Amino acid sequence: AAIVGMGFLYCQGRMLIAAKGIPVWRTPRIMALILSTGMAEGCGLYLLLAPWLAPGAVTATFPSVMILLLVALAGRFYAWWVYRNGLKGKAPKAALAVLNRSNIPFIAIGHGLPALALMAGLLFPGARLLFALLAGVCAAAAGWYIKSVIITRAAYNQGYAIEHTPARGGGQPGPGVKPGWE
């Protein structure tokens, strides 16, 4: 199931890269973000659903899945940082503004809170289930949130760029324009 899931995530990333008219999608950096977000979501959903679907798995697998989720969160944080910094000057101002507005909630709720909950769950085995549930909800919800933001709210199309303004008569052509761009 994990291999099929990673294949699905790869296909999602390739579809976004192929959308050439949307600058926040077409960057190759989105592939790492989609894959790392999917890993974090998968681990988070496992921590969230395992107590009800496989109660015996909680004591056996939770510590290793919690550590795996910490690694996935670190990977997603790095992929997000690389993705956002790679868009500077290559995406419309409005798209960058949407991503900037969602940056702090995504990092705080999607990375900071679950990382703290995971570390607390590893340090205090008596409360491991509660901390794992909190981390799982935050990791999965933050992944869905940021993908929703990228797909729906930051998906400004490229618009038309004019390489140089035309000259009329005997004048010289002027500089090009990219309305709405940095």
Side-chain angles (χ1 to χ4, degrees), residues 1-19 24-87 98-154:
I3 292 170
V4 171
M6 289 302 287
F8 177 73
L9 290 171
Y10 175 78
C11 291
Q12 277 185 331
R14 295 296 309 158
M15 285 188 293
L16 290 172
I17 292 170
V24 297
W25 295 358
R26 71 176 174 217
T27 176
R29 293 173 182 90
I30 202 163
M31 181 64 76
L33 181 63
I34 294 294
L35 290 173
S36 61
T37 298
M39 286 292 296
E41 288 173 15
C43 290
L45 287 176
Y46 178 84
L47 292 176
L48 186 61
L49 298 175
W52 291 275
L53 299 177
V58 172
T59 56
T61 62
F62 259 37
S64 58
V65 174
M66 291 171 80
I67 292 169
L68 182 61
L69 180 53
L70 273 171
V71 172
L73 289 173
R76 180 171 74 179
F77 177 80
Y78 179 72
W80 173 248
W81 182 78
V82 169
Y83 170 76
R84 279 194 56 240
N85 286 333
L87 288 175
V98 168
L99 294 177
N100 287 337
R101 280 193 305 272
S102 55
N103 187 44
I104 291 177
F106 180 56
I107 291 173
I109 297 170
H111 297 87
L113 185 59
L116 290 174
L118 289 168
M119 288 186 278
L122 291 170
L123 292 174
F124 304 107
R128 180 170 288 154
L129 180 61
L130 177 66
F131 286 122
L133 291 175
L134 174 64
V137 166
C138 290
W144 296 334
Y145 166 74
I146 204 61
K147 286 193 288 188
S148 170
V149 166
I150 291 170
I151 300 301
T152 60
R153 295 194 337 230

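Numbers for residues simply follow the sequence, beginning at 1. This is a predicted model, so every value here is computed, not measured.
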Side chain to side chain contact (heavy atoms under 4.5 Å, CB included) between Leu48 and Leu133, intermediate numbers included: CA-CA 5 Å; Leu48 186 61; Leu133 291 175; 4.0 Å; yes
Over all atoms of both residues, closest heavy-atom pair of Met39 and Leu9: N-CD1, 4.3 Å
Closest non-hydrogen atom pair, Leu122 against Arg128: O-NH2, 3.6 Å
Within-4.5 Å side-chain heavy-atom neighbours: Val149 and Phe106: no
Side-chain donor or acceptor of Thr152 paired with backbone N/O of Ser148 under 3.5 Å: yes
Side-chain touch Leu118/Ile67, heavy atoms, less than 4.5 angstrom: no
Heavy-atom closest contact (Ile30 atom, Val24 atom, distance): CD1-O, 3.6 Å
Distance-minimising heavy-atom pair for Ala79 and Ser36: CB-OG, 3.6 Å
Tyr145, OH: over 12 other non-hydrogen atoms inside 6.0 angstrom: yes
More than 12 heavy atoms from other groups under 6.0 Å of CE on Met66: yes
Leu69 CG to Ser64 OG distance, which is reported to the nearest 0.5 Å: 11.5 Å
Met31 vs Arg14, side chain to side chain contact (heavy atoms under 4.5 Å, CB included): CA-CA, chis, key distance, verdict: CA-CA 7 Å; Met31 181 64 76; Arg14 295 296 309 158; 3.4 Å; yes
Heavy-atom pair of closest approach, residues Gly110 and Leu73: O-CD2, 3.3 Å
Parallel, tilted or perpendicular: ring planes of Tyr46 versus Phe62, cut at 30 and 60 degrees: tilted
Residues, nucleotides or ligands: over 12 heavy atoms within 6.0 Å of Ile3 CD1: no
Ile151 and Trp25: CA distance, side-chain angles, deciding distance, side chain to side chain contact (heavy atoms under 4.5 Å, CB included) verdict: CA-CA 8 Å; Ile151 300 301; Trp25 295 358; 4.0 Å; yes
Neighbour count above 12 (heavy atom, 6.0 Å) for Ile109 CD1: no
Selection residues 38-47 - residue pairs positive for salt bridge (Lys or Arg N to Asp or Glu O under 4.0 Å), sequence neighbours left out: Glu41-Lys147
Criterion side chain to side chain contact (heavy atoms under 4.5 Å, CB included) on Thr27 and Leu16, from CA distance to verdict: CA-CA 8 Å; Thr27 176; Leu16 290 172; over 6 Å; no
Enclosure of Leu123 CG (heavy-atom neighbours >12, cutoff 6.0 Å): yes
Ring geometry between Phe131 and Phe124 (parallel below 30°, tilted from 30 to 60°, perpendicular above 60°): tilted
Arg29 versus Val82, closest heavy-atom pair with distance: CD-O, 3.4 Å
